[in-house]
Amino acid sequence: MGRVDILMDHSTHENEPLAALVTGTRALEMSMTARKVKVLDGNEAAASVAFRLSEVVAIYPITPSSPMGEFADMWAAAGRTNIWGSVPEVVEMQSEGGAAGAVHGSLTAGALTTSFTASQGLLLMLPNMLKIAGELLPCCLHVAARAVATHALSIFGDHSDVMAVRSSGFAQLVSTDVQEAHDLAAVAHAATLAARVPILHVFDGFRTSLELQRIELLSDDDLRALVDERLVQQHRERGLTPERPVLRGTAQNPDVFFQAREAGAPYHAALSGHLREALDTLAERTGRRHELVSYAGHSQAEQVLVAMGSGAVTASETARRLAEQGRKVGVITLRLFRPFPMQDLVAALPASTRQITVLDRTKEPGAAGEPLYQDVVCALSEADAAALPSAGRPDVYGARYGLGSKEFTPGMVAGLFDELCREAPRRHATVGIVDDVSGSSIDYEPSLDVLPAGTRGAVFFGLGSDGTVGANKNSIKILGELTDLSVQGYFVYDSKKAGAMTVSHLRFGKQPIRAPYLVALADFVGVHQLAFLDRHDVLARAADGATLLLNAPYAADELWSHLPQEAQQEILDRRLVLWVVDADMVASEQGLGGRINTVMQTCFFALAELVPVEEALKAIKDAITKSYGKRGELIVARNHAAVDAARAGLERVTLPASADSPRHRPPAVPSNAPDFVQAVTGLMLAGRGDELPVSAFAPDGTWPTGTSRFEKRNIAASIPIWDAEVCVQCNQCALVCPHAAIRTLAYEPAALADAPADFPTTACRIGGLEQASFSVQVAPEDCTGCSLCVNVCPAKDRSNPRHKAIDMQPHAQHVAKEAERFAFFDGLTGLLPEGVPDARTSQLRRPLFEFSGACAGCGETPYIKLATQLFGERMLIANATGCSSIFGGNLPTTPYTTGPDGRGPAWANSLFEDNAEFGLGMRLAEDQAAAQARALVTRLADDIGLELAVSLCEPEGAELEQRRQQIEQLRQRLAGMQGDDARRLERLAEHLSARSIWLIGGDGWAYDIGYGGLDHVLASHRDVNVLVLDTEVYSNTGGQASKATPLGAAAKYATAGKSTAKKDLGLEAMSYGHVYVARVAFGAKPNQTVTAMREAEAHRGPSLIIAYSPCVAHGYDLSHNVEQQRLIVSSGVWPLYRFDPARARKGLPPLQLDSPAPRTPVKAFMANETRFRMVERLDPQRYARLQRRAQEDVHRRHALYEQLSRMTVPEVGTAAQLATGMSAAAPATRPVKPEPETAS
Amino acid sequence: MTRPDLSTRWLGLELSSPVVCGAGPVARDPELARALADAGVSAFVTDSLFEERILREEGGVMYHYESHADCDAEATSYQPLRDDLRFGPEEHLAAVQALVKAVPVPVVASLNGVTPGGWLRYGRLLQDVGASAIELNVYDLPDDPRVTADQIEARLLAMVRELADDLTIPVSVKLTAFHTSLPNLALRLVQAGAVGVVLFNRLFEPDIDPEELEAARALTPSRPDELRLRLRWLAVLSGQGGVDLAASGGVHDSTGATKAIMAGAHVVQMVSAVLRGGPASVRSLLDGLSSWMEEKGYDNLAQLRGCMDVTRCPDPDVYSRANYMDVLHSWHGNLHSFPGDSA
């Protein structure tokens, strides 16, 4: 038997041509057909089919499935039709639960309906999925499978979501790559109509949803051939109609429910047959055959893996390669998980199989094994002996891999086979991690390569904003669509929104590329920001002899001396061919700012020589024209010029013989960082988090705060530098800074004795602090360079007004000195004036939220920072999932921090939808603990001392310090006391100091998905403070419309411009009467913001602060966000007010308007933001109507607020007053005090 | 007695009255424009198509979009960028087209640029959407000490030549009052293909806010006394002949219009007064002009136009000598008969 003969692709395809078996099928088939070929990712591949086969699409954003909804919305807005010639109805709902409900209803009424989701979203759909399946409604939902949040949130891919809904009654069809995501989407839509069983079409989040591959597109005719029109008609006819009325959704009693539940069983049993029919039709039309269960590897394999999803591709390719080397191994790929294909699985096993490892991409704690493992065990135990392999019933093992997008590589696959060959393989193992706690992990040799010879890999390290990823997507499309090369593109992002590093992994080859894992060793490495050489070991991904392209502001003959010694050594050791280009200069000269994408892309094509250079450059220019030409001519012209200029700027560097740089790569974190930061955070920052063993982590997901200060990112090109002479000490710079990177402080002059030389200081001019010294200080390594502080600074040099009290200056020139100054400044003890803080004096307080990964110019973070300055030492924060939970809690570093005494905000994120309830729970626990503590104080009063006991049971004053001293006194006295009560009180004593509970989240949470819970919590009278960071879109997932999106604004899922007005959340909350409500905009009236926060916190009941938060999704340069806030307030679009129930009790109108009547036209505000201009550009007449309505709304709302602000609350119990309602003319004589329903 | 004939011919267009609505925001409000036409406005000049503005928006939007795209694992972008989104002149062209449809009188499209270049093709696009003429508005602020007056004029002439060669509709040029030799420039503009000139462009004159230490962009409405600068140069160019003249800046009422026409204007362009007074101001102006002409015995505008230009006014020195000389030296009496001269 020849070498090839032992290899099998499908157990049922032994007679196929050898070529197909050796190379896989796709390349051959592609040459046989002349179908439309396109490079796209899994999301677009699936959505393209789903859209064309649906009449109703209900959507809701969640990573990584959001783009499917975006495509659907965009296509519908552009008038694209389904295969029946109608434009599908695309509707965004308030949650995935809502989307599932709409899907259910639409199906019930007979429309072809789909949705897209992932992770928690899928879980929210579960109740409706059970209904849809129970009612045999044909439906296909597309899932980019993602981890479900457990000890932590993960946006990345695994199968824990789809496994969590495996009991729903939906079939589960699992695609392994982008082509399958396209093809099996169509198969699923076709088969569900035939079977009447709904189907979950699953592909791996990120790995498949985001991977770019060249695929053959299914035409509308292909889809028509797959979908039987009679079945469509039958589905319609089953739809509810008063013409033939029936009833669905009965309530059944013990006599019949069980039987009726079993009645649908034959439909599930028949599903796989319908799937096979659709697969056959697909194969006939396209030549592409996908099997529900397939096998790859040695025909006499003894060790076999079973896997689903993209991991099965890696496993299969590895098994093929090992089989070529004579290893008797193989892999079974399951594309159908529900109904579980028991017989197909058994039939696909080679007769020689002795051992099986079932791979699960999920963890089910406490189970006998993970879901797929259990099913395989069950299938084999139920199989007839005759159907089993001749070697007997194989021994089955389980292994978990790839959770949260952990890499799964050929080396791991080989390791799994090796494990099976050990004397006593682990029954339930893990692979890809080091489990030094439970010992589950298997060892493997990481370097195994199974790619076809001639496959070339390229890795590019870019900055998010420099366009590297966009350029690489472009390169992949150029090569994939214009040449016959196989291509693959995959992109990895870090967790920051400003200054994020992106890593692009590209592969090119003549053979099909089936490698859903990162490029480990590349033939080409592009480092698009020189600073990365200092921060990461980027050269570790360079293969020996690879080409290395650096973007650096140095000529070829001066570059070498600017590299750290470690990089020099690696370049020499790996014999890299080094090229340099000053892309920033070239791009800047062509008017492209920091967008170096075109320059670097040109250099890549010039050096990589994948296609003749001249052809490549023409293709780049054509692609530029295609991308930008339709929008305008400026960008095209500039990018074309950049292509020409790039080549001229490319220089080869002659390498010296030795690495002689005196400069070394700095450590990831400073040497004074705490142990945990050194050991764990530091490794993660260096990009080596994969190396951390299980024991490095707290088993409950707890993480230390205050670690962002150890990550010195140095991402700003310029930073603010202070001139003490010009400064007026208004402290607005510190107030608006989104990253707490510029600070103000009053301090004892004596402290300056230890100051670094030339430390800038001046006499404090703030009332009550005249004896103090004052400084403004930048944290130069943490500033993002957004320049918001400089724009807001009102202090100008009288002789040279261009010079302000702070000016942006080059980072490189100032960083060393300013870092030294910041270190000193940070250690100073601040002085505060007497009295309540205002906007100015609040900024003398230490921010306990600093250096987050939020966008430069973020409009959310200043509010959070301010809250921590006011209440940080007593804050408990419940944070809804969204931008604020990502920049608040996304590792590796944490921005919430502590003051010198170790106190600071404690923070937790539960979910997106439940944050109000989550925060309320914190309140309940706190109230319970405080009540217990007070009861114990009362019980022990005699021993504690009556005076102290009475004080401790009284409400706490505004100042924390006094209560802390009392608690300390209490602890001292308790220490000398005996008994359980004393010990319990010791533990509970801290709760005698009131906790400030903050419920923070975005508008997606407060207006939409979490609204029901928020409303309930506001209704509860409990003392919680709700801070809604209103960006008017779902910012975190990329700007989808929420009910906070204003009239006339374009947002994703509302591409044509939102046609309904923004919900008035504040007015709804006011309707309760007992809720403190404020609407604020820190840039427009900072003192009002501070006052609102103080009043909200002081209010002993629920408070709601709705905070205007400028966002990159609004489409303008956020360094102007303060001006824009002033405009939105003066136009009346965002009125400022405070509604304080306490005022009602004093006979005053509870509502105070803090901004004047609208005095600038709404259009002046709208004209500055792309989100509105886009709508105007696309349809000026419609926009004019929307704008007119927006203006009318402003006037109507102002009139309403104006009236409300003059109303007092009438005396309760006077029938006449109740009958006439509120009256401005007759203020209440007796305040109405809302009493808590439950004593706290 | 028949009312005087107020019709006029400007840029080859037969107009029912000498009142033209000048370049400004009125063109964006077809409803107001219709009302103004009913009141007697005989032509409209649109607001300017600014090449610079189109390019800035295109550059700005794409920059903001792209610098946040592909940065984050959760959001590939933050705005829906539809394929059919364009940043070209279409929006402006649609507005011009809407105005052309809305009013029964000619629409002159204003085109603003600085240097010769590809943008001049916008002139053709404006012609295609129905503009009856182009008013080229050149905003070439000479703040570069290396650039000579000749170079500035050469650039202007090149632009006019290129436009006039390309278009079938007439081209008029809106000039600033700061050219060294206006009569010579006007002559050369006509040679380059211009049919008319508009006197004068009111430049954005920045203001200074001494409190905030800021320079502020400011465009204040014109005042009637601004007309006097126009009168002089209308009178000079009218005497020179060969070019259609429009007065722009300072015409607020029938008296102003009368003076401008007497100085040689074929039409008067009004913006500030129209914005302030609406259609009523136009009616009032035309009624006033008509009544005055009737009272003074003028049958038509042709009789009035240019009657006070340098060739016909009783004392042309008033235009040709600097005003202060006359005022300062008025005590000398008649310059041609100094005291002591022999009689």
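Just so we're on the same page: letters track the sequence lines, and every chain starts at 1.
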### Task
Over all heavy atoms of both residues, which pair between Ala75(B) and Gly1038(A) is shortest? Give the atoms and the distance, please.
CB-CA, 3.4 Å

### Message
What part of Asp73(A) gets within 4.5 angstrom of chain B, counting heavy atoms only: side chain, backbone, both, or neither?
### Response
neither

### Message
Quick check on Ser66(A) against chain B: is it the side chain, the backbone, both or neither that has a heavy atom closer than 4.5 Å?
### Response
neither

### Summary
Heavy-atom closest pair (Phe87(B) atom, Arg1177(A) atom, distance to 0.1 Å) is O-NH2, 3.7 Å

### Message
Quick one: does any side-chain atom of Lys1052(A) pair with a main-chain N or O of Gln79(B) as donor and acceptor, under 3.5 Å?
### Response
no

## Note on the structure
Honestly, the part of Ile635(A) sitting under 4.5 Å from a heavy atom of chain B is both

#### Entry: Partner residues of Glu1032(A) under the salt bridge (charged side-chain N to carboxylate O under 4.0 Å, His left out) criterion, sequence neighbours left out
Lys1062(A), Arg1171(A)

### Task
Please state whether the side chain, the backbone, both or neither of Ala73(B) comes within less than 4.5 Å of a heavy atom of chain A.
both

### Nearest atoms (heavy-atom pairs only) where Leu81(B) meets Met1174(A)
CD1-CE, 3.7 Å

### Query
With sequence neighbours excluded, what pairs up with Ser1119(A) under the side-chain contact (heavy atoms from CB on, under 4.5 Å) test?
Ser787(A), Asn791(A), Asp1117(A)

### Message
Using a 6.0 Å cut-off, check whether atom NZ of Lys1163(A) has over 12 heavy atoms from anything other than its own residue.
### Response
no

### Query
Is chain B contacted by the side chain of Tyr1034(A), its backbone, both, or neither, given a heavy-atom distance below 4.5 Å?
neither

### Query
Between Arg595(A) and Met62(B), is any pair of side-chain heavy atoms under 4.5 Å apart?
no

#### Entry: Proximal component of Ala1054(A), with respect to chain B [non-hydrogen, under 4.5 Å]
neither

### Message
Using a 4.5 angstrom heavy-atom cutoff, name the option from Phe156(A), Phe491(A), Tyr1116(A) with the most pairs to chain B.
### Response
Tyr1116(A)

### Message
Which atoms of Lys473(A) are under 4.5 Å from chain B, going by heavy atoms: the side chain, the backbone, both sets, or neither?
### Response
side chain

### Query
What part of Tyr1053(A) gets closer than 4.5 Å to chain B, counting heavy atoms only: side chain, backbone, both or neither?
neither

### Task
Mind ranking Thr1055(A), Asp797(A), Thr1170(A) by heavy-atom pairs under 4.5 Å with chain B and telling me who comes out on top?
Thr1055(A)

### Task
Please flag which part of Gln1040(A) lies under 4.5 Å from any non-hydrogen atom of chain B: side chain, backbone, both or neither.
neither

## Note on the structure
When the 4.5 angstrom heavy-atom criterion is applied to Ser1035(A) and chain B, the contacting part is backbone

#### Entry: Top contributor to chain B interface from Lys496(A), Glu1176(A), Arg798(A) [non-hydrogen pairs under 4.5 Å]
Arg798(A)

### Query
Considering residues, nucleotides and ligands other than Arg276(B), do more than 12 of their heavy atoms fall under 6.0 Å from its CZ?
yes

### Query
Of the backbone (N, CA, C, O) and the side chain (C-beta and beyond), which part of Ala1056(A) lies under 4.5 Å from a heavy atom of chain B, both, or neither?
both

### Task
With rounding to the nearest 0.5 Å, note down the distance linking CG in Leu213(B) to CZ in Arg802(A).
13.0 Å

### Task
Test salt bridge (charged side-chain N to carboxylate O under 4.0 Å, His left out) on Arg638(A) and Glu58(B) and set out the steps.
CA-CA 12 Å; Arg638(A) 289 181 178 179; Glu58(B) 179 196 343; over 6 Å; no

### Task
Could you grab the distance from atom CD of Glu74(B) to atom CD1 of Ile155(A), nearest 0.5 Å is fine?
4.0 Å

#### Entry: Between Asn1036(A), Val492(A), Asp466(A), Thr502(A), the one whose heavy-atom pairs under 4.5 Å with chain B are most numerous
Asn1036(A)

### Query
Considering only heavy atoms, which portion of Ile886(A) lies under 4.5 Å from any heavy atom of chain B: side chain, backbone, both, or neither?
side chain

### Query
Where do Asp70(B) and Tyr493(A) come nearest, in terms of heavy atoms and distance?
O-CE2, 3.2 Å

### Contact leader toward chain A among His68(B), Glu214(B), Glu66(B), Glu90(B), where contacts are heavy-atom pairs under 4.5 Å
Glu66(B)

